Amino acid sequence: MRISVFGLGYVGCVTAACLARAGHEVTGVDVNPEKTAMINDGKSPVVEPGLADLVSEMVRERRLRATVSADWAVRHTELAMICVGTPSGPNGQIDTSALERVVQDIGRALERGSEVYTIVVRSTVLPGTTETLLLRGLRVGDAFEEKVALAVNPEFMREGTSIADFEHPPMTLVGCADDATADRLRMLYRQIDAPFVQTSIKAAEMMKYVSNAFHALKICFANEIGDLCESMGVDQHEVTRTFLLDRKLNISEAYLRPGFAFGGSCLPKDLRALLYAARRSDVGLPLLSSIPESNEHQIRRGIDAVLATRKKRVGVVGLAFKSGTDDLRESPMVALVETLIGKGCAVRILDRNVRLASLVGANRLYIEKEIPHISSLMCDDLRSLTAESEVIVIGSEGKDAVEALAQCRPDQVIINLTRGPVSSIAALGEVVDEEVTA
Ligand SMILES: NC(=O)c1ccc[n+]([C@@H]2O[C@H](COP(=O)([O-])OP(=O)(O)OC[C@H]3O[C@@H](n4cnc5c(N)ncnc54)[C@H](O)[C@@H]3O)[C@@H](O)[C@H]2O)c1
């Protein structure tokens with residue numbers, strides 16, 4: 001393919017050189033004439049292991065060249081990859097001015113063309129940026145859809161190992177609205193040994209931020225655990241090595257899907273104990289200390305969603321801190337129900353495990369002694385609970401949640417704290433009642 005790469009910084013240079021190596025004809029574009037001159041001289045404008053040799057080889061073989069003319073580049077290519085910088089402003093907001101300028105340059109060049117031109121955003125941009133900026137900036141009018149194909153293709157490379165990362169990314173991620181564009185990108189990367197993942201444009205934009213936020217979180221988590229181990233005289237490397245061995249719960253998909261707050265007899269208690277021990281040793285743990293507050297925030301969010309409906313009759317399906325257990329200790333659902341009762345809601349609760357426990361199980365004493373006010377709200381007739389409720393709160397997944405939904409009337413509001421994947425459950429705060437939505 002004939003490709004233009006806008007922005008010859010780290011990402012652009014590596015992308016341009018590696019695509020040239022893969023057999024494409026690549027034109028790099030930059031507003032900085034020194035960078036384009038260096039490329040045309042066979043030199044890399046950025047320092048990156050292996051890149052100088054690769055640029056030199058690709059330029060010699062006439063597979064890579066550079067220009068400051070966006071117009072020339074667009075007219076001689078069929079696809080543009082935008083790799084310009086998106087730096088932070090003083091308030092943290094991303095500066096998209098370079099991206100806007102590129103889009104305008106491409107738009108002007110496209111005014112004369114008639115073929116479909118593919119524009120791929122590789123720069124890191126917040127969800128919604130690509131569609132908003134490109135639609136506004138290209139100004140190709142009503143013919144937009146016939147003239148332009150859009151995609152977002154985030155880069156997962158790390159400086160220092162970027163050529164190897166380009167060849168072996170964790171995935172080739174392409175966000176686009178149509179299969180023809182996805183197929184074009186699939187062809188472009190056919191030599192890359194990685195799963196090809198197609199998403200919406202916004203999901204692809206978001207994915208890069210989510211990944212980087214998670215990486216930052218992991219680094220801070222590991223450092224705080226290291227500090228804590230050190231203060232307790234525990235070998236931090238031995239702990240980390242052992243921690244990493246657990247691929248079932250630690251380094252895994254577990255606990256990484258959005259849902260409701262955590263609770264139960266272990267997580268809150270053990271986190272409190274660690275934070276207390278750290279305080280006693282004067283070890284600062286800003287990240288770990290923020291976890292209880294974040295968890296409280298999720299409970300508050302659930303309560304606010306119910307109160308915002310201004311309806312008083314609330315049916316709760318699932319009370320334990322997760323499905324399949326009768327353990328109510330530190331269940332966030334108990335906290336939610338207690339607040340709702342305090343706010344004057346008439347709450348009814350269905351949780352078959354808890355109901356059974358209140359009659360015979362080991363948790364009977366806890367239920368009778370600690371939460372008798374909640375125990376008295378329990379029922380075991382789903383049909384009457386759904387029939388009498390104006391708001392139905394789904395606290396855990398399972399058969400009852402699915403049935404509760406099936407029985408719902410259009411005038412009832414559903415608040416699904418589990419956020420799925422129980423099919424057809426509305427997300428948090430989503431309202432079934434059209435009147436309330438309006
Ligand atoms: N550096 C990384 O490791 C990395 C990794 C993944 C994603 N990203 C993202 O990729 C994007 C680029 O990052 P980078 O580190 O390569 O940036 P960079 O600052 O090194 O390079 C940006 C280049 O764009 C050029 N440019 C600016 N305006 C232009 C215009 N109108 N037309 C043509 N060129 C123009 C600049 O002269 C510069 O050479 C950013 O959004 C960044 O967040 C970076």
Side-chain angles (χ1 to χ4, degrees), residues 3-19 26-40 43-51 55 64-74 77 80-89 92-110 119-130 133-134 137-138 151-175 194 201 204-216 219:
I3 301 160
S4 56
V5 175
F6 284 77
L8 295 171
Y10 283 93
V11 172
C13 280
V14 172
T15 302
C18 289
L19 286 174
V26 183
T27 303
V29 189
D30 204 290
V31 283
N32 183 341
E34 284 172 21
K35 289 196 172 185
T36 55
M38 282 183 82
I39 294 268
N40 288 330
K43 296 187 184 120
S44 169
V46 297
V47 176
E48 182 64 31
L51 191 59
V55 168
L64 174 63
R65 69 190 150 209
T67 174
V68 288
S69 169
D71 186 67
W72 191 93
V74 171
T77 56
M81 301 211 109
I82 305 181
C83 305
V84 294
T86 48
S88 275
Q93 189 181 13
I94 57 164
D95 176 355
T96 54
S97 52
L99 182 64
E100 285 169 53
R101 184 169 161 197
V102 170
V103 170
Q104 280 164 11
D105 289 348
I106 295 177
R108 263 194 298 277
L110 287 181
I119 301 177
V120 181
V121 175
R122 208 154 162 73
S123 302
T124 304
V125 289
L126 284 167
T129 308
T130 300
L133 286 191
L134 271 78
L138 287 175
V152 167
N153 169 225
E155 168 61 68
F156 294 105
M157 67 179 220
R158 295 159 295 175
E159 284 173 26
T161 53
S162 58
I163 294 183
D165 288 346
F166 184 95
E167 300 296 332
H168 306 285
M171 69 179 87
T172 300
L173 175 61
V174 172
I201 286 182
E205 290 171 320
M206 189 64 181
M207 167 62 188
K208 180 71 194 171
Y209 284 99
V210 174
S211 303
N212 279 347
F214 188 48
H215 301 163
I219 290 168

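Since the model is a prediction, treat every value here as computed from it, not as a measurement. Atoms within each ligand, like the ligands themselves, are counted from 1 in listed order.
- Here is the list of ligand 1 atoms found below 4.0 Å of a heavy atom in S123: 10 (O), 11 (C), 41 (O).
- Closest protein heavy atom to atom 12 (C) of ligand 1: C83 O, 3.3 Å.
- Closest heavy-atom approach to atom 17 (O) of ligand 1 within the set G160, G7, A98, G85: this belongs to G85.
- Within the listing of ligand 1, atoms 38 (C), 39 (O) sit less than 4.0 angstrom from a heavy atom of K35.
- Close contacts of ligand 1 with M157, meaning ligand atoms under 4.0 Å from a residue heavy atom, involve 3 (O), 5 (C).
- Within the structure, the closest approach of R158 to ligand 1 does not fall below 4.0 Å when heavy atoms are considered.
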Passes side chain to side chain contact (heavy atoms under 4.5 Å, CB included), V29 versus W72? Steps please.
CA-CA 10 Å; V29 189; W72 191 93; over 6 Å; no
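- Every atom of ligand 1 is numbered from 1 in the order shown, and the set under 4.0 Å from a heavy atom of L8 is 23 (C), 39 (O).
- Taking each of L99, D30, I82 in turn, the one with a heavy atom nearest to atom 39 (O) of ligand 1 proves to be D30.
- With V84, T96, V14 as candidates, the residue nearest to atom 29 (C) of ligand 1 on a non-hydrogen basis is V84.
- Residue, atom and distance of the protein heavy atom nearest to atom 9 (C) of ligand 1 are T124 OG1, 3.4 Å.
- The two residues D30 and G9 come nearest to each other via the heavy atoms OD2-N, 4.4 Å.
- M206 CE: 12 or fewer foreign heavy atoms inside a 6.0 Å radius.
- Looking only at distances, no side-chain donor or acceptor of T36 sits under 3.5 Å from a matching main-chain atom of A66.
- For atom 31 (N) of ligand 1, the nearest non-hydrogen atom of the protein is V102 CG2, 3.5 Å.
- Near V29, the atoms of ligand 1 lying under 4.0 angstrom from a non-hydrogen atom of the residue are 33 (C), 34 (N).
- Between the side chains of T129 and E205, no donor-acceptor pair of N or O atoms lies under 3.5 Å.
- Ligand-side atoms of ligand 1 in range of T86: 40 (C), 41 (O), 43 (O), range being under 4.0 angstrom from any heavy atom.
- Side-chain contact between V121 and L134: present, with at least one pair of heavy atoms (C-beta onward) separated by less than 4.5 Å.
- Counting only heavy atoms of the protein, atom 1 (N) of ligand 1 lies nearest to E159 OE2, 2.8 Å.
- Residue G9 approaches ligand 1 through these ligand atoms, each under 4.0 Å from one of its heavy atoms: 16 (O), 18 (P), 20 (O), 21 (O), 23 (C), 39 (O).
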Between T15 and F166, does the side chain to side chain contact (heavy atoms under 4.5 Å, CB included) criterion hold? Intermediate values first, please.
CA-CA 8 Å; T15 302; F166 184 95; 4.3 Å; yes
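- No side-chain donor-acceptor contact under 3.5 Å links E155 to the backbone of V11.
- For ligand 1, one of its N or O atoms has an N or O atom of Y10 under 3.5 Å away.
- At least one donor-acceptor pair under 3.5 Å links the side chain of R122 to the backbone N or O of N153.
- Contacts with ligand 1 closer than 4.0 Å are made by no heavy atom of V46, backbone or side chain.
- Looking only at side-chain heavy atoms (C-beta outward), F6 and R101 stay at 4.5 Å or farther from each other.
- When I106, V5, V11 are ranked by how near their heavy atoms come to atom 44 (C) of ligand 1, first place goes to V11.
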Could you walk me through whether Y10 and S162 pass the side chain to side chain contact (heavy atoms under 4.5 Å, CB included) test, one step at a time?
CA-CA 9 Å; Y10 283 93; S162 58; over 6 Å; no
